[in-house]
Amino acid sequence: MNLLLLFRTLKHLRWEQLAYRPLRMAQFRLYRALPQLAFRSTAVGSAVPSVSPQSVETIRRSFVEQFAHLNQSLIEFDGWLGNLKQNRFTFLNRSLTIDPVDWNGRHESHLWNYQLHYFGFAPLAARALAERSDVSVWKACRRLIESWIGEARVGRSDGWDAYPISLRVVNWIYAYALVTEREDESFLAKWRASIFDQLGFLNRHLEHHLLANHLLKNVKALVVGGLFFQNERWLKAGERLLWRELDEQVLADGGHYERSPMYHAQVLADFLESYALLLAFERMKRDAKIEAQLQAMADFLSAMSYADGTLALFNDSANTAETRPQPILKTAKRVVGSSSQVKTDFPQTGYYVWASSNEREKIIVDAGAPSVAYNTAHAHCDLLSYELRLDGQPFIVDSGVHGYGGDRFREYCRSTRAHNTVMFDGVEQSEVWSTFRMARQATVLNADASGDDTTWNFCGTFERYDRRVIHQRRIQRNDYGEWIVTDSPVGNAAMASSFIHLHPAIEAKLLDDAKVLCRLGQRHIVIEAFGNVADAKVIVGDEVSVQGWYFPDFGIAKPSAVIQFDYRVKSGEEFGYRIRM
């Protein structure tokens, strides 16, 4: 490991991260050797905690009546639920049959294993029982719950990490509330006891070493679990951290500080569920400030989504079933109402949006900091990159994300060349390394946008992490519907490579050293470079070095055309390209 690179990374971290990371590592190594030290007490056996019927009904009613994002049509999950009976699981678009399930082993990847331990299928199976009397699917789910309770071991199982605990206990509580009237008390008591133990463990192992969306998941679990068991200790801790993190993680424009549309959607759903349940249990009264913040988050999510129900893919973003924007926006409307304004500029988060009146044409530009400085795990080198839709279809797209630890596309997804921006002299915008690390970071100097119904003008500038080059970019739409992207460097740069990533449905043909013909449906579009052009190429599905791939969701890699214009550049001289319909 490069010690200088490590130092440059560590200097951004907060004291909690520096203090808690070695503590958590030491704790889990100790638990592996002596798992009995993980618990101060156990609820299993004689000390099963009770849960009032009123608590169960309040959670069930909130789940059914308010949480639209958790009540999407069961029909689309029928195949998935059917496979559950054969222990066949599909996560991250990768299917495995695991019979029997080894809850202490590692299947596929770390992230895939986490998905297994989340038990996201439990509320679905519970709904199948409650709504359709599908006993067989629920029995399969119950068998897996009992298996996990009996076999997953602290210090050995990924399922005892704080993050999967946080998701699993919430999923189990929701499922419990849906099936409690149709289950026998002996199973319910064992199930409650396990949930109680996991929450107690979680409360002593919050992810202060990671913070951000991980800590929020922990906090949500404490809130939901505290309400379920009416545990005042968990509730007070959860409520205090919940509102602290709302103020910390949500910026003034409503965007989440990690700058990922996908994680923004997750975080919004977490806040909405927590707030709705606290209201339903009369732990608090409606709060105008909190509701304004959540409405602003909904406005941001709306701006980052498209009419076809997909998300913009900046930073670590994927179109997962859990983060579909429209159901989350529907939940937001039910819980906090909706604002009357349509926002297009998000200066604190750093996104700028323009759309035609019918949204058939839409551009989103990323001109914000890579992420909050102390947690850049999901940040990419995508400053001044953009997505552009034409005729209601994706045309120029962000590459997205394929996977995390050990994934063969991970380095590429975070790189400058995976985004619709410029790389000067082959140097990345920010100093990315390892799966989730970023040392020195690019700095945004300015960004602004203005426009009307037919024209738009964006200007943005950032300084590369090594402070040797400043990149200035201007993106314009004129009255004729032509898009013009103009770049210029300030500093010591000799060569520039400008990348344009096309959606896989777009065909691209190189006409000459400065012109590419693209076909979007029946429309032909010409992208023409200007400036001191040295070379032009169209790359599709290259493996070495990786280029020309599109990742709309985890585990999906689609070959797609990438246009690369290379330029000879000098400080202050302009270059770029025009997109002509």
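Since the structure is predicted, the reported quantities are computational estimates derived from the model, not experimental observations.
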Between Arg440 and Asp466, does any NZ, NE, NH1 or NH2 come within less than 4.0 Å of an OD or OE carboxylate oxygen?
no
In this structure, are over 12 heavy atoms from other groups packed under 6.0 Å from Arg24 atom CZ?
yes
Interatomic distance, Asn420 atom CG to Ser498 atom OG [nearest 0.5 angstrom]:
8.5 Å
Aromatic centroids of Phe436 and His378 separated by under 6.0 Å
yes
Applying the ring-ring contact (aromatic ring centres under 6.0 Å, His included) criterion to Phe575, which one of Phe530, Phe565, Tyr567 satisfies it?
Tyr567
Lys537, NZ atom: more than 12 neighbouring heavy atoms under 6.0 Å
yes
Using a strict cut-off of less than 4.0 Å between a Lys/Arg side-chain nitrogen and an Asp/Glu carboxylate oxygen, indicate whether Arg437 and Glu431 qualify as a salt bridge.
no
Within 45° of the axis and under 6.0 Å from the centre of the six-membered ring of Tyr374, does NZ or CZ of Arg14 qualify?
yes
Hey, could you give me the OG1/CG distance between Thr97 and Asn83, rounded to the nearest 0.5 Å?
7.5 Å
Less than 6.0 angstrom separating the ring centers of Phe424 and His471, yes or no?
yes
Take His107 and Asp102, measure what side-chain contact (heavy atoms from CB on, under 4.5 Å) needs, and give me the verdict at the end.
CA-CA 9 Å; His107 308 287; Asp102 178 5; 4.1 Å; yes
Name of the residue among His264, Lys343, Gln295, His256 meeting side chain to side chain contact (heavy atoms under 4.5 Å, CB included) with Phe300:
His264
Count the heavy atoms belonging to other residues, nucleotides or ligands that lie under 6.0 Å from CG of Asn492, then report whether that count exceeds 12.
no
Is there any salt bridge (charged side-chain N to carboxylate O under 4.0 Å, His left out) pair reaching into residues 319-331, and which pairs are they, with sequence neighbours excluded?
Glu76-Arg324
Is the distance between the ring centroids of Trp354 and Tyr386 under 6.0 Å?
no
Please determine whether salt bridge (charged side-chain N to carboxylate O under 4.0 Å, His left out) holds for the pair Glu359 and Arg389, giving the CA-CA distance in whole Å, both sets of side-chain angles, and the decisive distance to 0.1 Å.
CA-CA 9 Å; Glu359 288 217 2; Arg389 294 215 162 190; over 6 Å; no
Would you give the length of the straight line joining atom CD1 of Ile525 to atom CG of Leu517, rounded to the nearest 0.5 angstrom?
9.0 Å
Would a line drawn from the ring center of His503 to the ring center of Tyr550 be shorter than 6.0 Å?
yes
So, are Arg94 and Glu108 salt-bridged, with charged N and O less than 4.0 Å apart?
yes
Flag if over 12 foreign heavy atoms under 6.0 Å of CZ, Arg468:
no
Derivation of the side-chain contact (heavy atoms from CB on, under 4.5 Å) call for Trp456 and Tyr352
CA-CA 11 Å; Trp456 192 65; Tyr352 295 84; 4.1 Å; yes
Checking salt bridge (charged side-chain N to carboxylate O under 4.0 Å, His left out) for the pair Arg578/Glu528: CA distance, chi angles, key distance, verdict?
CA-CA 5 Å; Arg578 297 178 180 86; Glu528 183 175 8; 5.7 Å; no
When you measure from the side chain of Asn87 to the backbone N and O of Ile98, does any donor-acceptor pair fall under 3.5 Å?
yes
For residues His501 and His419, establish whether the separation of their ring centroids is below 6.0 Å.
no
Please find out if less than 6.0 Å separates the ring center of Tyr263 from that of His214.
no
Asp316 with Arg259: basic N within carboxylate O range, under 4.0 Å:
no
Output the distance between atom OG (Ser371) and atom NE2 (His12), rounded to the nearest 0.5 Å.
11.5 Å
For Ser497 and Asp566, does a side-chain donor sit closer than 3.5 Å to a side-chain acceptor?
yes
Do the rings of Phe89 and Phe121 sit parallel, tilted or perpendicular, given the 30° and 60° boundaries?
tilted
Taking atom CG of Asn375 and atom CG of Leu211, what is their separation to the nearest 0.5 Å?
7.0 Å
Within the 3.5 Å criterion, strictly below it, is a donor on Tyr412 or Gln547 matched to an acceptor on the partner's side chain?
yes
Side-chain touch Trp483/Met581, heavy atoms, less than 4.5 angstrom:
yes
Does the ring centre of Phe91 sit less than 6.0 Å away from the ring centre of Phe554?
no
Keeping Arg360 on the side-chain end and Asp391 on the backbone end, is there a donor-acceptor pair under 3.5 Å?
yes
Walk me through it: do Leu311 and Ser317 pass the test side-chain contact (heavy atoms from CB on, under 4.5 Å)?
CA-CA 8 Å; Leu311 283 168; Ser317 288; 5.8 Å; no
Over 12 non-hydrogen atoms of neighbours within 6.0 angstrom of CD1 in Ile75
no
Run the numbers on Asn315 and Glu258 for side-chain contact (heavy atoms from CB on, under 4.5 Å), then give the verdict.
CA-CA 9 Å; Asn315 292 304; Glu258 291 186 78; over 6 Å; no
Over 12 foreign heavy atoms within 6.0 Å of CZ, Arg467:
yes
Under the 6.0 Å and 45° cation-pi test, does Arg473 pair with Phe458?
no
For the atom pair OG1 (Thr320) and CE (Met262), what is the distance rounded to the nearest 0.5 Å?
6.5 Å
Salt bridge Glu543-Arg408, side-chain N to carboxylate O under 4.0 Å:
yes
Tell me whether Arg477 is salt-bridged to Glu361, with the criterion being a basic N under 4.0 Å from an acidic carboxylate O.
yes
Decide yes or no for Glu387 and Phe395: does some side-chain heavy atom of the first lie under 4.5 Å from some side-chain heavy atom of the second?
no
Are more than 12 heavy atoms from other residues, nucleotides or ligands located less than 6.0 Å from atom CG of Asp453?
no
Salt bridge Glu411-Arg417, side-chain N to carboxylate O under 4.0 Å
yes
